[in-house]
Structure formats: structure tokens, C-alpha cells
Amino acid sequence: QDVKDLLHSIDVVIIDEAHGAASEGLWNVVRFCSASYRFGLSGTPFKRGDKQDLKLIALTGDIIYRVSNKEMIEDGVSVPTEIVLVDIEKPEIRGPQEYRDVYGVGITYNEFRNRAICEITDRYHSEGKQVVIMIKEIAHGNILNELLFSYKEGAYIPHEFIHGSTSLEKRTEILEDFKKGILGVLITSVILDQGVDIPNIDVLILGGGGSSQIRSLQRIGRGLRWNENKKKLTVIDFADRTHRYLAKHSMDRVNSYANEDCFTIDLVNGDEVSTFKL
């Protein structure tokens, strides 16, 4: 009863990362509020295209003001962004398989693709750039965590890997080291998809694939923040052509980038990532 009384006493509700308001927990809280004024803030509010969008509208109403990435870049709030798609065509995955199996072979355990990630990381790290590698699965992070030390003879790329099981204290320490430039390379799981401000990211490597427009743009948003020492953000994504499922997802991501009408998009052959020039 005390909780209900509290919710009924609230006059104004402000929901950050409002695209998550349709989740069962937050939905059940906000819908009991009697607030006449409700504000939802999100960089990706209505991109799901399902009933979850309707639930968000029910809580906050429709969009009343929109600021695009293009406007923020033009106004100097965000940095110019270039997206480099690395063409991945190895190994060829044959036959109709379950998506989970295809994802494992084509992304998580794909030696060719993982080596490309390491080569790209090595190149930018040697130039003094701050690099973040985003992945979906812990197993994938563990593989890259080892490969960055061993993918070639003499390889040594100091880095850290943080994920949901990393203690909050350790996670905070690692993020602070990265923000200060003490740590140059960071592998991270979906815990950094939203709600974390790291303005000094120079290069963002999206290693996890997937088709979600929301997650793709949220991840890029980690590096869009303006920084006085940063002239641009380089985003590395992958044109996964090893299986039709992965190719479709890559195309979905490319379309979401193109729809922003402010990112430059280039394609690089996966066999030549160690020498590509922009």
C-alpha cells in the first residue's frame, strides 16, 4: 500500500533509456503512476515495430521532439563517424542449420573473423587509438581475450575483458583506466550497450553481429560523444556472408546506419584488413 501511495503521489515522471519502458518491471511501475507529465528520453525510441512500441506510447505518448544524429554531428555535439564494413566470406556454412549453430560457426568461433578483429585492434592500438571491442557472448569475449595475446608471433596487446560477471568494483576500475588512457583496448559484453558514457573511444569494433537496429545504434552511441581530443569515430562492423542468416543481419545493420543519413560507409576485404587505408 505504501508503494501504491508513493506512485499515486508523483506528479512528473522522467524515464531515461525510455525504449526499455515496455519491459515488464518498468512498465508495471510507470503505469501505476498518476503523473500528468511524463517524459521519455531515448536515442532509439520506436524501432522495434511490435506491440512494445505501443506500450511505450501508452506510458509517455508519441514523440514530441526529435534530434537526429545528423543534427548533433552538425552542431558539434557528436563527432563525425565513419563505418568500415569488413567483408567476411570464410568459412562457407552450408545447409539449412539452426541459427544458434550458424552464429557459433560464423561469428563466435570463426577463426578468420576473430583474426581480423585482432589485426584491426593491433593496427589502431599501435597508432595510440582507444579501442573498444563489443561482443554478445562471453565465450566470444574469452576467445578474443586469449587471441589478442597470441594471434601472431610476438603479439602483445594489453587489454581487459569486462562482462556481467565482472564485479562492479573491478568494472569501475577498468572503465576509469580506459577513460584516463591508461588502458588502450577494452573487450566488453552487452553491459555497455546503453547508459555508459565513454567519450574517448576512437575505434569501436562491433564483433557480435545481430540484426537489432536498436542495439546497433546504441552501441555506436557509446563512441559518438564529443571529446576535445577526438576528431572522429571509426566503427568497424562486418559484412558476414558466410550464411544467409548472418548476411541478412549484416544487411539490416547497414540499412540502419544508412537511414541515419550522416555516417560514411566503406567496405574492406577481410583478407586485407591489416593494410586497409581509409
**OP:** Please indicate whether Glu71 has more than 12 foreign heavy atoms, meaning atoms of other residues, nucleotides or ligands, lying under 6.0 Å from its CD.
**Re:** yes
Subject >> Ile64 atom CD1, neighbour heavy-atom count above 12 within 6.0 Å >> reply: no
Side chain to side chain, [X] and [Y], heavy atoms closer than 4.5 Å:
X	Y	value
Leu246	Tyr99	yes
Thr264	Thr81	no
Val132	Met134	yes
Tyr103	Glu137	yes
Tyr37	Asp11	no
Ile15	Arg38	no
Ile201	Phe178	yes
Leu204	Ile236	no

Original post:
Hey, mind stepping through Leu148 and Ile187 against side chain to side chain contact (heavy atoms under 4.5 Å, CB included) and telling me if it holds?
Top reply: CA-CA 10 Å; Leu148 287 175; Ile187 306 171; 3.8 Å; yes
Nearest-0.5 Å distance that lies between atom [atom1] in [X] and atom [atom2] in [Y]:
X	Y	atom1	atom2	answer
Lys70	Cys262	NZ	SG	8.0 Å
Ser216	Asp237	OG	CG	7.0 Å
Thr188	Ile174	OG1	CD1	9.5 Å
Ser165	Lys170	OG	NZ	14.5 Å
Asn145	Ile162	CG	CD1	12.0 Å
Leu224	Ser78	CG	OG	5.0 Å

Original post:
Going by an N to O cut-off under 4.0 Å, is there a salt bridge joining Arg171 and Glu169?
Top reply: no
Original post:
Quick one: do Lys232 and Glu82 make a salt bridge, cutoff under 4.0 Å?
Top reply: yes
For the student: nearest non-hydrogen atoms of [X] and [Y], plus distance:
X	Y	value
Ala155	Ser150	CB-N, 4.2 Å
Val13	Ala35	CG2-CB, 3.6 Å
Gly164	Ser189	N-OG, 3.9 Å
Lys136	Gly209	CD-O, 4.2 Å
Leu233	Ile220	CD2-O, 3.9 Å
Lys231	Val79	O-CB, 4.4 Å

Are [X] and [Y] connected in the hydrophobic side-chain network, where two residues link if heavy atoms are under 4.5 Å apart?
X	Y	value
Ile73	Ile265	yes
Ile83	Leu267	yes
Ile135	Val102	no
Leu56	Val12	no
Val77	Val235	no

Original post:
When the ring planes of Tyr257 and Phe263 are compared, do they come out parallel, tilted or perpendicular, using 30° and 60° as the limits?
Top reply: perpendicular
**OP:** Verify the distance criterion only: is there a donor paired with an acceptor across the side chains of Asn114 and Tyr151 at less than 3.5 Å?
**Re:** no
Is there a donor-acceptor pair closer than 3.5 Å between any side-chain N or O of [X] and the backbone N or O of [Y]?
X	Y	answer
Asn200	Lys179	yes
Ser126	Arg123	yes
Asp101	Gln97	no
Asp266	Val84	no
Asn110	Lys90	yes
Asp122	Cys118	no
Glu92	Glu89	no

Original post:
Does the ring pair (Phe, Tyr, Trp, His ring centres under 6.0 Å) test come out yes or no for Phe149 and His159, once each step is laid out?
Top reply: CA-CA 9 Å; Phe149 288 131; His159 64 278; 4.5 Å; yes
**OP:** Using the side chain to side chain contact (heavy atoms under 4.5 Å, CB included) rule, take Phe161 and Asn142 through it: C-alpha gap first, then chi angles, then the decisive distance, then the call.
**Re:** CA-CA 8 Å; Phe161 174 32; Asn142 288 332; 3.4 Å; yes
**OP:** Show your working on side chain to side chain contact (heavy atoms under 4.5 Å, CB included) between Ile120 and Tyr124 and close with a plain yes or no.
**Re:** CA-CA 6 Å; Ile120 293 166; Tyr124 283 113; 3.8 Å; yes
**OP:** Test Asp240 against every option in Lys248, Arg113, His249 by the side-chain hydrogen bond (donor to acceptor under 3.5 Å, both in side chains) rule and name the one that passes.
**Re:** Arg113
**OP:** Might you work through the side chain to side chain donor-acceptor pair (under 3.5 Å) test for Asn69 and Glu260, ending with a clear yes or no?
**Re:** CA-CA 7 Å; Asn69 278 319; Glu260 293 299 297; 2.7 Å; yes
**OP:** Apply side chain to side chain contact (heavy atoms under 4.5 Å, CB included) to Leu186 and Ile133, showing your working.
**Re:** CA-CA 6 Å; Leu186 177 65; Ile133 305 169; over 6 Å; no
**OP:** Take Arg115 and Glu119 through the salt bridge (Lys or Arg N to Asp or Glu O under 4.0 Å) test and state the conclusion after the steps.
**Re:** CA-CA 6 Å; Arg115 182 178 179 83; Glu119 289 180 352; 3.2 Å; yes
